[in-house]
Amino acid sequence: MSGERTELAPRYTPGAVEPRVYERWLASGAFTPAAEPPAGADRFVITMPPPNVTGSLHTGHALFVTAEDVMIRYHRMRGDDTLWVPGVDHASIAAQFVLDKLLAAEGLDRASLGREAYLERMWAFMDETRDVISLQLRRLGASADWTRNRFTMDDGSARAVRVAFKRLWDAGYVYRGEALVNWCPRCRTTISDLENIHREQSGTLWTIRYHLAAADGGVDPDRWIAVATTRPETLLGDVAVAVHPEDDRYRSLVGEEAVLPFLGRRLPIIADAAVDPAFGTGAVKITPAHDPDDYEMGKRHGLTPISILDEEARVNAAGGEFAGLDRFEARTRIVERLEAMGDLEGAKPHPMVVGHCDRCGTVIEPRLSVQWFIRTADLAARALASVREGRTTIIPARFEKVYAHWLENIRDWAVGRQLWWGHRIPAWFCPDGHITVSDEAAGPSACATCGRPAADLTQESDIFDTWFSSGLWPFSTLGWPDETPDLRRFYPTSVMETGYDILFFWVARMMMLGLFLTDVEPFHTVYLHGLVRAEGGVKMSKTKGNVTDPVELIDEIGADAVRMGLTSGTSPGNDQRLTMAKLESARNFANKLWNAARFVLGAEPEPPVGTEPEATPSLAEAWIRSRTAEAVADATRRLDRLDLGGYVGAVTDFAWNDFCDWYLEMAKVDLRDAAAAPAARWRTWRASVDVLADLLHLLHPITPFVTEEIWGALGAAVPEKGESLLMTARWPEPGPRDLAAEAAIDGLAETVRAARNLRTDAGVPAGATVALHLVPSSPAAADGAEAVRRYLEPLARVRLELLPPGTPADARAVATALGPIWLDADAAPATAPNADRVEELRRNHARLVALLADPAFTGRAPAAVVERERARLADLVERLRQVGVDPGSG
RNA sequence: GGGCGGUUAGCUCAGCUGGUCAGAGCGUCUCGUUUACACCGAGAAGGUCGGGGGUUCGAGCCCCUCACCGCCCACCA
């Protein structure tokens, strides 16, 4: 038994063990699936949201890492064929935003560098940042397969993007057309509707006079139509004035022309039912190139849009004297000029909703341009059906409605971005106007329509929306489009875990693309965690400066505590405030576990000599084994339901209350019983080791480091317990329950608490041992009391004195499951401390008597419920009788 | 303008298909140098589960309504 012993350090210091433990895990190769799946094993594959390559993880990310790692570790211990592919996302717009700022600090910009040099800089930048996130993930304990580490800009992703786009194109799901899109003048790119953040703002509603054209071809100074607008600068692009067809004020003007100020353009006055006569003046200027409503109306009336802003939202040549001005300068100038001309009829404050760029906050400009679109109607319908028909389940379920609502109202996806960092759209234009889409890395060899050679073709300069490649993640990371062994073995994946904030951005897109390209749902469960908020309840963001680096927290209190602090007491989809107090109590738990293990390891008795017969289990052992069985079943059930908060709560509760507070205290009694046979002491110790081992298994998914470290020491002491890693040990099966033992210890615990209360009430010094009198309420209770005497006496610091059944209870007695108890007279106070307790018994008794007398209850409630209430009443009657109170008839 | 979530002990939050569901941690108060742990142990106080209706034998849990707080979606100039 001697062998090598790994002693646990006297004090728990997480920083000392974590890196070493992670190295052992890595070296074991167990993060990587075996070459062949274990026979008959279930599959469990996590789809993780690849974080943005440019950023480092904040504490919010630590939650997703924890949730996924808990799941994957649990399933690995179950013996499932598990895989977790880690990786990062190239985040084109975010990456360019960051790099542009770096360049600006050097006095450089995108334009002066040019595309090629810019991308070189970007790759160099990537090499610096790419590993930061991997390192953070490792510090958190992520048991991901690093041999499969991926990047959405790697060759595999690039190929998947090309093939995916080609298939969409070939199936008619891609089109190119002119449309009004969301344009960010600062990022100089199109963005999707999702990235266009609407914010309420106070604006101004100006009323402007447009004079009517005079019969002689000039401008009529006395006749005008007043239009209301919040954007006077766009008048430069006006092509009409619209009124409601039923509006009597303007009916006679329809068909006439107004004259555009400054530019003199003739604007037909048209009638359209979309105009709200009650708003403003009831007359609207129509600017199809700069307003979505106007664009639609322009199409209805055959009006040609006029764009008046360039890509940086400065007035272009079409703006006449205002050309070159920024849109907001132009607004000011135009208002001033109109006022001077006497054509500004009014201006009043007007609350309005304005779209802003999600990335940089700039006001979004609707811009008319030719774009690549993915037709979403069919794709969305399939994605919707998958969830409706239960092939994919979203947790929590309420997000299924959110998901459905979005997909039901989805618009076509403008996938092109006028950026450089990203996957270039694999489409080539031929001088004759034909488009060739190719999935070859080298591009097409010739125009697919007319056969002109590749040399004559030019590739589209736009790149894809980042989410296009992210949307392929579950299968592009497994080798798709090739039918690789990985794809066959690990696809579709099991659980897709992410925050609810990217339900539309990512989850919905993965569903749409996955179903189209692979004909199957990319995952059967979507688990959405809530957001982690800072202490004050505010959202964490870099600009607010309240982002905490998880690595700093880990250095301070350990990765296990960070993981536990982030998951305990949480429920999916609900935000949480992460407080230092919560993290500290998680750290305290790790410390507690550490010390409990130190105790168990240090309590090893002399082994018995071989001739001694094996001892029978003590009551304490029978009880803790039964409790362990329940804990195993409970933890397993909760993990299977992805109830992570419940799992953490249940397993820590078991560890702290059942194992540490009660079992170890009882085990001490058995271990230190000098009168007991060595075999009995040995058996008790072995039971402690067994239960500790089971407990470590249960805790491992949430606190992998501390449990692995303890496991190592346990294995050194008891080789058959842990020769290898806990990480790959088998998840325990629940053993049989022993309800008799549980009832016995429940009775013991109640009696100990009651005795402790009596001591406190009586002011007995903590160290003193006093006599405790008990009148067993039955012969069985007498036996029960004898059975727990060995534990009761030291735990309550009393000498138990059993009195003959029927002995009248003392006036200060308290009722327990075993019978009335009271302290020795000289230790007890003169008053009757149990008056309140008796009163409570009486109240409950009265309530139950009334309830059971009600035929409505006994008649309609299920028999089991009525039975339970009857039993409870009987217990109350017994306890009242114990303390000398006659319950009477009620 | 739609939709969703929250409102449970001083604080932060759990509460599964209505029947020990009135809970946990932290905080507070009182004890405690028992050889695992003061990052601890023992004990205690503290809530008519936002307000008001309703369904039911029985409701934090279901229905209606109101009030705040927050979020998501939404092209009205």
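Order of the sequence lines fixes the chain letters, A, B, ..., with proteins taken first and strands second; residue numbering starts at 1 for each chain. Please read these numbers as outputs of a predicted model, since none were measured by experiment.
Judged by distance alone with a 3.5 Å cut-off, no donor-acceptor contact links the side chain of A/R398 to the base of B/C4.
Within residues 274-281 of chain A, the residues having any heavy atom closer than 4.0 Å to RNA chain B are, in order of number, A/V275, A/D276, A/F279.
Nucleic acid contact class of A/F399 (heavy atoms, under 4.0 Å, all strands): none. At a threshold of 4.0 angstrom between heavy atoms, the contacts of A/D661 are confined to the sugar-phosphate backbone, with no base atom among them. A/P366 comes within 4.0 angstrom of nothing in the nucleic acid, heavy atoms only. At the heavy-atom level, A/D294 lies nowhere under 4.0 Å from the strands shown. Across all strands, A/G569 comes closer than 4.0 Å only to sugar-phosphate atoms, never to a base (heavy-atom distances). Using a 4.0 Å heavy-atom criterion, one finds that A/R637 contacts no nucleic acid atom at all. Backbone-only engagement by A/R598 is indicated by non-hydrogen atom pairs under 4.0 Å involving sugar-phosphate atoms exclusively. Across all strands, A/E665 comes closer than 4.0 Å to base atoms (heavy-atom distances).
Checking A/D272 against A/H301 by side-chain atom types alone, a donor-acceptor pair falls below 3.5 Å. Side-chain contact check for A/Y663 and A/N657: no donor-acceptor pair (N or O, by modelled atom type) lies under 3.5 Å. Checking A/Y647 against A/D634 by side-chain atom types alone, no donor-acceptor pair falls below 3.5 Å. Using modelled atom types and a 3.5 Å distance limit, the side chains of A/N574 and A/S571 yield a donor-acceptor pair.
Atom C1' of nucleotide B/C37 and atom CD1 of A/I710 are separated by 12 Å, given to the nearest angstrom. Whole-Å rounding puts the A/D575 CG to B/C4 P distance at 18 Å. Nucleotide B/G58 holds its C1' atom 11 Å from the CZ atom of A/R847, rounded to whole Å. Counting to the nearest Å, the C1' atom of B/G58 and the CG atom of A/L852 are 13 Å from each other. Rounded to whole Å, atom P of B/A14 lies 18 Å from atom CG of A/D634. Separating the CD1 atom of A/I197 from the C1' atom of B/A74 is a distance of 13 Å, rounded to the nearest angstrom. The CG-C1' distance, from A/D238 to B/A77, rounds to 11 Å in whole Å. Atom CG of A/L528 and atom P of B/C72 are 15 Å apart (whole Å).
Nearest nucleotide to the A/K592 side chain, out of B/C37, B/G5, B/C31: B/C37. Considering only the side chain of A/N757, B/G43 comes nearest among B/C72, B/A77, B/G43. In the set B/G19, B/C73, B/A77, B/C73 carries the atom at the smallest distance from any side-chain atom of A/F504. The side chain of A/T229 sits closest to B/A77 out of B/U12, B/A77, B/G19. Distance from the side chain of A/R11 is smallest to B/A38 among B/A36, B/G15, B/A38.
Aromatic rings of A/F279 and A/H244 (six-membered ring for Trp) have centroids beyond the 6.0 Å cut-off, not under it.
The side chain of A/R756 places no N or O atom within less than 4.0 Å of a non-bridging phosphate oxygen (OP1 or OP2) of B/A42. Between A/R672 and B/A36 there is a side-chain N or O to OP1 or OP2 distance below 4.0 Å. Note on A/R759: every side-chain N or O is 4.0 Å or more away from OP1 and OP2 of B/G43. Residue A/N591 places none of its side-chain N or O atoms closer than 4.0 Å to OP1 or OP2 of B/A38.
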Under 3.5 Å, N/O pairs linking protein and nucleotides 20-26 of chain B:
| residue | atom | partner | partner atom | Å |
| --- | --- | --- | --- | --- |
| B/G25 | O2' | A/S585 | OG | 3.3 |

Audit row: A/K285, A/T234, side-chain hydrogen bond (donor to acceptor under 3.5 Å, both in side chains) steps and yes/no
CA-CA 9 Å; A/K285 57 191 273 313; A/T234 63; 2.6 Å; yes
Pairs under 3.5 Å (Watson-Crick or G-U), crossing ones as [ ], inter-strand ones as |: RNA chain B comes out as (((((((..((((.....[...)))).(((((.......))))).....(((((..]....))))))))))))....
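Residues A/R231 and A/D291 are not paired through a salt bridge, judged by the lack of any N-O separation under 4.0 Å between the basic side chain and the carboxylate.
A/H356 and A/N196 get closest at one heavy-atom pair: N-OD1, 3.3 Å.
Mapped onto RNA chain B by nearest heavy atom, A/G645 and A/L664 fall at different nucleotides, with A/G645 at the one closer to the 5' end. Comparing A/K668 and A/S571 by the nucleotide of RNA chain B that holds the closest heavy atom to each, the one mapping nearer the 5' end is A/S571.
Taking the six-membered ring where tryptophan is involved, the planes of A/F399 and A/Y500 are essentially parallel, since the angle between them stays under 30° and well short of 60°.
Between the CG atom in A/L772 and the CZ atom in A/R759 there is a gap of 9.5 Å [rounded to 0.5 Å].
With a glycosidic angle further than 90° from 0, B/G54 counts as anti.
Screening A/I225, A/T281, A/V227 for a side-chain contact (heavy atoms from CB on, under 4.5 Å) with A/V243, the sole residue that qualifies is A/I225.
When the C1' atom is used for both B/C68 and B/G52, the distance is 15 Å, rounded to whole Å.
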